[in-house]
Amino acid sequence: MAAFPFEIKAVEGKARTGVLKTPRGDIRTPAFMPVGTAATVKAMTVDQVKATGADIILGNTYHLMLRPSAERVARLGGLHKFMRWDKPILTDSGGFQVMSLSGISKLTEEAVTFSSHVDGSKHVLTPERSIEIQADLLGSDIVMQLDECVAWPAEEARARKGMELSARWARRSKDAFGTRDTQALFGIQQGSTFEALRRESSDRLREIGFDGYAIGGLAVGEGHEAMCEVLDYAPGLLPEDRPRYLMGVGKPIDLVEAVARGVDMFDCVLPTRSGRHGQAWTWDGPINLKNAKYAEDESPLDPDSDCPASRDYSKAYLRHLFKAEEILGQVLLSWHNIAFFQALTAAMRAAIAEGRFERFRREFRARHLSQ
Ligand code: PRF
């Protein structure tokens with residue numbers, strides 16, 4: 001029996017909408033998880049994040065084990081209490097962040113060894129230690145297995161090696177996690193752009209049995225079209241009755257096309273990171289508030305939004321904040337972008353529930369890609 005019930009409410013083509021029920025609250029799918037890497041969704045209070053409609057946020061093993069350390073978070077009552085977020089938290093396992101952020105790292109059958117990007121100190125992460133940090137010390141609701149995300153492009157032999165190591169680490173992760181009632185464990189499908197490898201990866205994960213299944217190893221440079229080609233088959237290789245999570249994705253158009261192909265959950269730094277750099281995501285596509293054309297534009301980013309950042313401030317004011325390097329600009333655009341990503345997933349949920357997702361997708365593409 002899986003830890004958290006997943007109730008699929010409506011299906012249209014491959015798109016699904018449903019609810020993943022957890023002891024800390026319901027996660028409505030399709031769901032977008034704001035990234036709270038270092039126990040904060042950057043530049044936002046948890047009350048702001050909650051008001052955008054987010055049901056769940058993501059935290060990172062890699063960052064928290066280095067600073068302030070998993071043991072310290074545990075002594076302070078766990079990650080939820082520490083950061084004052086009482087809804088579900090999904091934590092990533094660390095392997096992907098080691099590869100993208102740390103100094104020289106060494107990967108063996110047993111573990112990944114790396115030096116901290118904070119102070120250069122040496123650390124070791126095994127599948128078992130990642131489970132201990134996430135489940136026992138941080139107190140995560142959804143725990144991810146440790147995996148290896150192979151860089152793109154990859155030769156098939158190299159992609160196979162990473163997929164097979166990830167499958168063996170999936171087994172070790174499951175053994176370390178055991179079975180729990182109040183926490184879930186997700187496996188991660190790997191295999192780069194090779195269908196046979198994705199199929200074998202999925203078969204091995206299904207054999208072990210997880211509460212949910214992630215699609216890893218995408219959005220690593222292959223581009224939207226190549227990612228969509230993998231998503232034409234990858235979600236369908238995973239169990240239909242469990243949530244499917246596309247890791248580290250993506251742009252609004254990526255979310256819409258992935259939902260059309262059967263994905264239920266997403267996370268990405270894009271709304272907060274691009275917001276800190278002056279980029280706002282809107283129904284009409286992305287805009288850069290630093291552009292001179294907004295200097296005297298009194299319209300808000302979205303008059304119909306119930307997010308104050310989207311509705312109450314003029315583009316002229318937001319542009320001024322970025323030109324003057326005022327930190328409120330970063331706060332307001334992070335807030336607006338997170339609210340937009342939540343509005344987008346809410347719109348997809350409603351469209352699927354009402355059987356008009358294909359029309360929504362067509363109209364979204366036409367409007368969002370128009371400029
Ligand atoms: N594995 C893990 N985390 C991830 C990825 C992955 O493949 C990706 C790939 N886009 C983002 N985050 N564990």
Side-chain angles (χ1 to χ4, degrees), residues 32-37 56-65 89-102 105 107 111-112 114 125-127 129-131 133-135 138 140 142-154 158-170 172-174 177 184-194 197-198 201-202 205 210 212-224 226-231 234-235 237-238 243-251 254-255 257-258 261 263 265-273:
F32 180 78
M33 304 183 277
V35 173
T37 285
I56 174 170
I57 60 171
L58 175 142
N60 278 119
T61 298
Y62 171 81
H63 296 80
L64 295 169
M65 72 186 279
I89 297 176
L90 177 148
T91 44
D92 200 359
S93 50
F96 181 75
Q97 287 73 32
V98 166
M99 294 306 167
S100 53
L101 296 171
S102 79
S105 63
L107 193 68
V112 55
F114 61 96
L125 206 48
T126 62
R129 174 65 177 159
S130 182
I131 297 292
I133 291 174
Q134 296 179 75
L138 302 178
S140 170
I142 302 179
V143 172
M144 302 303 301
Q145 71 151 106
L146 191 66
D147 61 329
E148 185 196 0
C149 175
V150 172
W152 183 89
R158 179 67 188 86
R160 168 168 286 285
K161 239 181 104 225
M163 181 276 285
E164 290 180 346
L165 181 66
S166 296
R168 291 190 297 272
W169 283 5
R172 283 171 59 184
S173 301
K174 172 76 183 192
F177 185 82
L185 177 66
F186 281 23
I188 305 176
Q189 180 202 74
Q190 292 288 352
S192 190
T193 51
F194 303 97
L197 298 185
R198 294 252 168 210
S201 175
S202 303
L205 294 176
F210 288 91
Y213 296 82
I215 299 169
L218 291 179
V220 288
E222 75 280 8
H224 177 79
M227 182 174 82
C228 285
E229 277 174 34
V230 174
L231 292 176
L237 300 171
L238 298 168
R244 300 161 177 162
Y245 160 32
L246 179 56
M247 306 191 79
V249 172
K251 291 182 185 173
D254 299 325
L255 269 59
E257 292 305 316
R261 290 165 173 79
V263 173
M265 298 168 66
F266 303 89
D267 79 282
C268 193
V269 296
L270 183 66
T272 40
R273 181 174 293 168

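Count residues from 1 along the sequence. Counting starts at 1 for both ligands and their atoms, in listed order. Keep in mind that what you see is a predicted model, and the values were worked out from it rather than measured.
- Here Leu146 has no heavy atoms under 4.0 Å from ligand 1, in either its backbone or its side chain.
- Among all non-hydrogen protein atoms, the one lying nearest atom 10 (N) of ligand 1 is Leu218 O, 2.6 Å.
- Under the side-chain contact (heavy atoms from CB on, under 4.5 Å) rule, Leu246 has a single partner from Val263, Leu255, Asp254, which is Val263.
- On a distance-only criterion, Ala219 and ligand 1 share no N/O pair closer than 3.5 Å.
- Of the possible polar contacts, one joining the Gln145 side chain to the Ser166 backbone as a donor-acceptor pair under 3.5 Å is found.
- When heavy-atom distances to ligand 1 are checked against a 4.0 Å cut-off, Ser93 comes that close only through its side chain, counted from C-beta outward.
- Using a 4.5 Å heavy-atom cutoff, the side chains of Leu231 and Leu218 are in contact.
- Side chains of Gln189 and Ser202: a donor-acceptor N/O pair is present below 3.5 angstrom, by distance only.
- Residue-ligand proximity: Gly217 is placed with a non-hydrogen atom under 4.0 Å from ligand 1.
- When side chains are defined from C-beta on, Phe96 counts as touching Val220, because their heavy atoms get closer than 4.5 Å.
- Heavy-atom contacts from other residues, nucleotides or ligands closer than 6.0 Å to CZ of Arg168 number more than 12.
- Looking at atom 3 (N) of ligand 1, its nearest protein heavy atom turns out to be Asp92 OD2, 2.6 Å.
- The shortest contact between atom 12 (N) of ligand 1 and any protein heavy atom is with Phe96 CD2, 3.4 Å.
- If you number the atoms of ligand 1 from 1 as listed, the ones under 4.0 Å from a heavy atom of Ile188 come out as 13 (N).
- For a threshold of 3.5 Å applied to N or O pairs, the pair formed by Gly248 and ligand 1 contains no separation below that value.
- Within the structure, ligand 1 has Gln190 among the residues with a heavy atom less than 4.0 angstrom away.
- Salt-bridge annotation for Lys251 and Glu257: absent, with no side-chain N of the basic residue lying under 4.0 Å from a carboxylate O of the acidic one.
- The two residues Trp169 and Leu107 have their closest heavy-atom pair at CH2-CD1, 3.6 Å.
- When only non-hydrogen protein atoms are considered, atom 1 (N) of ligand 1 lies nearest to Asp147 OD2, 2.7 Å.
- Considering backbone and side-chain N/O atoms, Val220 never comes within less than 3.5 Å of an N/O atom of ligand 1.
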